[in-house]
Amino acid sequence: MTALTGTGHLVRLALRRERAIAPWWILLITGLGLTMVAYVNRNMGTDALKLTYIDIIRGNAFLRGLGGPSVEPRLEVLATWRSGGFLYVACAFAAVMSVVRHTRREEDAGRSELVRSAVVSRQAQLTAAVLVAAGVGLTAGLCTAVALIGMGLEPLGSFAYGAAVAAAGWVFAAIAAVAAQLARNARTATAIGLAALAACYVMRYAADASGWPWPKYLSPIGWGHLVRPYQDERWWMLGVSIAAGATLLAVAYRLLARRDLGAGLFPERLGRARAPRLRGPISLAWRLHRSLLVKWAAGVAFFAAAAAGLSPLARDLLARPSIVVDNIRSLLGMSATLGAYSWYLILILAYAVALYPVLMTLRMRAEETSGRAEAVQATPMTRLRWAAGHLVVTGLGTAALMAVAGLVFGTLYSLLAGDLATDLPRFFAGALGTVPAAWCVGAVCVLAYGLLPRASVAISWTAWVLTAALGQVAGPLYGQWGGSPLEPFHYVPNIFTAAPVDVLPIVALLAVTAALLGGGLLALRHRDFH
C-alpha cells in the first residue's frame, strides 16, 4: 500500500457529495466578477466619472482599504478593484468549509473509520479533500477568467485574475487541512480556519487603508491583490501562494501522522459532571448556543464600532459629487447624506445578523443527525418543547445582536458626528426594527427543517444568500437600488426619513414569521427523526 492508495476513490466520493454545493460557489464567484464589470459600465461609463471615483478612493482611507490604492481609470482595473477582495474571500471560505467537511466532519460522524477499514491509506482522505477544494477553486477562477474574456476584457489580465482567485482557495484549503488536525471536532476546525481568514483579510485591509504595505505581504488574501491583474501581472506572487500552500499541507500531513483517528492535537476540555441549572429546553438551548452568541456579539460590536468610527471621514466623502451618493439619497429620500450612509451600514449589519438564525436552525439539524436530540427526548422533554427552546434562544439572540449593533454604532456616531440624546435612541430603534426581517429568514429555515430535513441545509443557505443578493445592499450592484420586494428587509421602515413610521409592514412580517414557524413545528411533530 502506498501513501495515496484509495485517493482516487475518495476524490470521486467527495465530488459526488460536492455536486449540490460546489456549483453554487462557482456560480457565485463568477457572477460576482461579471456583476462588478456591469456595475462599472453602468455607473462609471465616462472617463470623467472614473477619474472622479479614483480621486474619492485615493482620498479616503475606508475606500482604499476595500481594494487597495493601486487603481486606474480603466474598466477592467476598476471592476477587479471592487470585486477582487470579495472573490478571494469567497473562494477561501468555500475551501475551508469543503476541507473540514470531508475530513474532520467525517471523523466526527464515524464514517472515516469505516472508510479506513477498506484498502485506503492514512493520507488518502486528507489528500482527496484538499484536491477537491483546490479543484473547485481552480474551476471558479477559470470560469471567472473565461467569462471576463467573453465580456471583452484582456485575456492575460483575466487569467491572472482567475489564477489569483484559485490561489486563495489553494492556500486556505491547506490552512483548513492543518486546522482539521489540530481541532477535536469539525466546529472548532471551522472556527480556526475562518478565524485565520478573517485575520488575513483584516491585515490586508489595514495595510491598504493605512498606507503601510508590509502587512499585505504577510496575508494570503493580500497576495491575491499583489498579483495586480490588468496592470503589470506579478505572476511570481502566485508562486508565493503555491509554496505557502504546499508548506502548510506538508505540516498537515506531519500532524496527521502524530494523532489518533477521531482525536485532535489540542487537548479536549471536559465539561462539568453536573449541571444543576439545566432544568428545561430553554436552559439547554442557551447552554448550547451561548458561546457562539458571545462570539457573534463581539464581531458585531467590532464592525459596528469600525463603521461608526468612519463617520467623520464619510461626511467628507459624501460631500463630494458621486453618482453612488446621488442614488442613495434619491432612494432614501433624505437630505442628510451622512444619515443615508449610517442607515446603509445598519442594513449591512442586519443582513449579516440574519445569518445567525440560519446557523442556529442548522444546529438543530446537527443535534438530530448526531443522535443527541433523540437522547434528550428520552427524558420528559417533548420534541416540540426541545425545538421551542432552541427557537426562543435563537429569536432573543438575534434581537440581542441587533441591539448591540444599534448601541455601539449609535454611541460612537453620536460622540463623533451627532448628538447622544437624539441619535442614540434613533439608531437603537432602527437596528431593532430590522429584527422581524431577520426572524423571517430564520422561519423559512425552520419550515425547511420541519418539512424537508435532508434538504434543509441547502435550502437554508439558499434562503440567506437570496435574501442578501436581492437586498438593498447587493441590489445596487445591478441597478436595484431599492432591493426586491421578494426579500423581507425590503419592508423594514427607514427611521432616517422624515415620513412617519408605518407599523403595518412589521406586523405583516411578524405574521408571516409566525405562520412559517407554525408550519415548521407542525411538520417536525409529525415526522420521524433521522
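Just so you know, residue 1 is the first one in the sequence shown, and it goes up from there. Heavy-atom basis, side chains included; hydrogens, waters and symmetry copies ignored.
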Any Cys91 side-chain heavy atom under 4.5 Å of Phe172 side chain: no
Contact summary for Ala438 and Pro357, nearest pair of heavy atoms: O-CG, 3.6 Å
For Arg363, all residues meeting salt bridge (Lys or Arg N to Asp or Glu O under 4.0 Å), sequence neighbours excluded: Glu367
Qualifying residues under salt bridge (Lys or Arg N to Asp or Glu O under 4.0 Å), relative to Arg187, sequence neighbours excluded: none
Inter-residue atom distance Leu197.CG - Thr190.OG1, 0.5 Å rounding: 12.0 Å
Donor-acceptor contact below 3.5 Å, side chain Glu487 vs main chain Phe489: yes
Atom pair OG/CG of Ser158 and Leu142 - distance to nearest 0.5 Å: 11.0 Å
Side chains of Val132 and Leu15 in contact at under 4.5 Å (non-hydrogen atoms): yes
Listed partners of Ala301 passing side-chain contact (heavy atoms from CB on, under 4.5 Å), at least two apart: Val404, Val408
Which atom of Ala304 lies closest to which atom of Phe409, heavy atoms considered: O-CD1, 3.6 Å
Shortest non-hydrogen separation from Pro488 to Val441 and the atoms involved: CG-CG2, 3.8 Å
Side chain proximity check, Tyr161 to Leu87, heavy atoms < 4.5 angstrom: yes
Heavy-atom pair with the smallest gap, counting every atom of Val96 and Gly193: CG1-CA, 4.0 Å
Euclidean distance, Leu249 CG relative to Thr127 OG1, rounded to 0.5 Å: 7.0 Å
CG-OH distance between Leu194 and Tyr201, expressed to the nearest 0.5 angstrom: 15.5 Å
Gap separating the CG atom of Leu148 from the OG1 atom of Thr80, nearest 0.5 angstrom: 9.0 Å
Counterpart residues, salt bridge (Lys or Arg N to Asp or Glu O under 4.0 Å), relative to Glu76 (two or more places apart): Arg74
List, one per line, each side-chain donor-acceptor pair under 3.5 Å for residues 213-221, sequence neighbours excluded.
| unit_1 | atom_1 | unit_2 | atom_2 | d |
| --- | --- | --- | --- | --- |
| Lys216 | NZ | Asp208 | OD1 | 2.9 |
| Lys216 | NZ | Asp208 | OD2 | 3.4 |
| Ser219 | OG | Cys200 | O | 2.7 |
| Ser219 | OG | Ile221 | N | 3.2 |
| Ser219 | OG | Gly222 | N | 3.2 |

Test item: Val353 and Val435 side chains (from C-beta on) under 4.5 Å apart, heavy atoms: no
Min side-chain heavy-atom separation Thr394-Thr361 under 4.5 Å: no
Side-chain donor/acceptor of Thr369 to backbone N/O of Arg365, under 3.5 Å: yes
N-O pairing of Arg101 and Glu106 below 4.0 Å: no
Close side-chain approach of Trp170 to Leu248, heavy-atom, < 4.5 Å: no
Note, Thr144 side chain near Phe159 side chain (heavy atom, < 4.5 Å): no
Listed partners of Ala147 passing side-chain contact (heavy atoms from CB on, under 4.5 Å), at least two apart: Thr30, Leu34
side-chain contact (heavy atoms from CB on, under 4.5 Å) partners for Leu126, two or more places apart: Thr103, Val130, Ala177, Gln181, Ala252, Tyr253, Leu256
Side-chain heavy-atom pair Trp223, Val227 within 4.5 angstrom cut-off: no
Nearest atoms (heavy-atom pairs only) where Ile29 meets Ala140: CD1-CB, 3.8 Å
side-chain hydrogen bond (donor to acceptor under 3.5 Å, both in side chains) pairs, two or more places apart, involving residues 6-15: His9-Arg12
Test applied, salt bridge (charged side-chain N to carboxylate O under 4.0 Å, His left out); reference residue, Glu107; option that passes from Arg105, Arg111, Arg104: Arg104
Residues forming a side-chain contact (heavy atoms from CB on, under 4.5 Å) with Ala133, sequence neighbours excluded: Ala95, Ser98, Val99, Ala173
Ala160 to Glu233 - nearest heavy-atom pair and separation: CB-CG, 3.7 Å
By side chain to side chain donor-acceptor pair (under 3.5 Å) - contacts of Gln125 (at least two apart): Ser112
Residues Ile149, Leu153; criterion side-chain contact (heavy atoms from CB on, under 4.5 Å); working and verdict: CA-CA 5 Å; Ile149 293 172; Leu153 301 190; 6.0 Å; no
Distance, nearest 0.5 Å, that separates CG of Asn41 from CG of Leu75: 4.5 Å
Which atom pairs, donor and acceptor, lie under 3.5 Å between side-chain atoms of residues 458-468 and protein residues at least two apart or in another chain?
| unit_1 | atom_1 | unit_2 | atom_2 | d |
| --- | --- | --- | --- | --- |
| Ser460 | OG | Ser456 | O | 2.7 |
| Thr462 | OG1 | Ala458 | O | 2.7 |
| Trp464 | NE1 | Tyr351 | O | 2.9 |
| Thr467 | OG1 | Ala463 | O | 2.7 |

Contacts of type side chain to side chain donor-acceptor pair (under 3.5 Å), residue Tyr356, not counting sequence neighbours: none
Trp235, CH2 atom: more than 12 neighbouring heavy atoms under 6.0 Å: yes
